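Have a look at the structure below before the remarks.
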Amino acid sequence: MKFFILIVCLFGTVFAQSHPVKYKPLPVDDSTVIKLANQAVAKINAEGNGKFYNKLIEIKEARSKLRHSKITYTIKVILRKTYSHKSKPYTDACGINDTAPPKLCTIDAYVRVGSDESKIVILRCETIHKPVK
Ligand SMILES: *[C@@H]1O[C@H](CO)[C@@H](O)[C@H](O)[C@H]1NC(C)=O
């Protein structure tokens with residue numbers, strides 16, 4: 001009987017490890033999530049070919065998973081175009097251009113456990129045609 005239980009436990013362990021790692025939801029006001037969302041918007045502004053800065057309006061969703069001491073954050077953010085031209089430095093006082101539809105961007109950020117550095121990958125940005133309230 002004891003042997004049988006041991007086998008079951010071993011099996012359970014092996015199964016748990018080979019099982020794909022599930023994402024767990026994170027609060028959108030988590031300090032790391034906010035930091036990564038801001039870094040992602042800065043990256044979108046630096047790499048995008050628009051002439052005006054985008055501004056972070058809202059963090060819609062955030063989740064993370066830990067695998068091999070690497071945390072992957074997947075974050076969805078809503079951005080809007082501002083009136084501030086990229087020829088000038090960005091300031092948070094930039095006004096929103098309401099004629100331009102908002103964008104929903106999905107980003108992945110990779111952070112090593114115990115490190116402050118992150119690698120941000122912009123997965124995609126799509127235009128939202130319906131106004132978000
Ligand atoms: C506001 O955005 C619209 C749509 O992208 C654009 O056509 C317009 O020129 C922008 N207005 C200003 C003042 O930048």
Side-chain angles (χ1 to χ4, degrees):
M1 188 58 191
K2 271 204 182 117
F3 182 71
F4 177 72
I5 291 171
L6 179 67
I7 292 292
V8 168
C9 288
L10 278 179
F11 236 90
T13 313
V14 170
F15 184 75
Q17 280 176 353
S18 62
H19 210 66
V21 187
K22 287 247 166 61
Y23 274 100
K24 73 174 191 326
L26 284 176
V28 293
D29 58 357
D30 177 276
S31 64
T32 306
V33 169
I34 294 171
K35 193 181 90 183
L36 295 172
N38 281 311
Q39 285 176 9
V41 176
K43 186 177 165 78
I44 289 167
N45 279 329
E47 294 174 3
N49 48 17
K51 290 188 174 63
F52 296 91
Y53 285 113
N54 293 285
K55 188 173 183 171
L56 175 62
I57 304 297
E58 189 190 346
I59 301 173
K60 287 296 276 183
E61 195 186 304
R63 51 199 185 133
S64 71
K65 68 175 177 188
L66 171 67
R67 188 152 196 255
H68 304 315
S69 66
K70 194 177 81 177
I71 312 168
T72 305
Y73 291 85
T74 299
I75 305 171
K76 291 187 177 182
V77 292
I78 305 253
L79 307 184
R80 294 209 71 164
K81 190 163 139 180
T82 68
Y83 291 124
S84 300
H85 200 270
K86 282 185 185 168
S87 57
K88 293 185 203 121
Y90 177 83
T91 92
D92 257 337
C94 286
I96 307 286
N97 177 345
D98 284 320
T99 11
K103 279 191 286 274
L104 173 69
C105 296
T106 305
I107 59 155
D108 264 3
Y110 304 97
V111 180
R112 210 151 258 297
V113 173
S115 160
D116 272 342
E117 280 170 52
S118 53
K119 179 184 188 317
I120 291 176
V121 177
I122 313 297
L123 297 179
R124 64 184 169 275
C125 287
E126 55 202 289
T127 301
I128 308 169
H129 289 285
K130 258 198 303 184
V132 275
K133 295 255 165 70

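Whatever order the structure lists ligands and atoms in, that order sets their numbers, starting from 1. The structure displayed is predicted, hence computed values, not measured ones.
- Considering every non-hydrogen atom in both Lys22 and Lys65, the closest pair reads O-CB, 3.8 Å.
- Of all the heavy atoms in Leu104 and Lys76, the pair that sits closest is CD1-CB, 4.2 Å.
- Residues of the protein with a heavy atom under 4.0 Å from ligand 1 are Phe52, Lys81, Tyr83, Asn97, Thr99, Ala100, listed by chain and number.
- When each of Tyr53, Phe52, Tyr90 is paired with His85, the ring-ring contact (aromatic ring centres under 6.0 Å, His included) condition holds for Phe52 and for no other.
- Listed for the Asn38 side chain is a donor-acceptor partner under 3.5 Å among the backbone atoms of Ile34.
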| request: Dump the intermediate steps for side chain to side chain donor-acceptor pair (under 3.5 Å) on Tyr23 and Thr74, then the final yes or no. | output: CA-CA 9 Å; Tyr23 274 100; Thr74 299; 3.2 Å; yes
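- Sorted by first and then second residue, the disulfide bond (SG atoms under 2.5 Å apart) pairs with a member in residues 32-90 form an empty list; sequence neighbours excluded.
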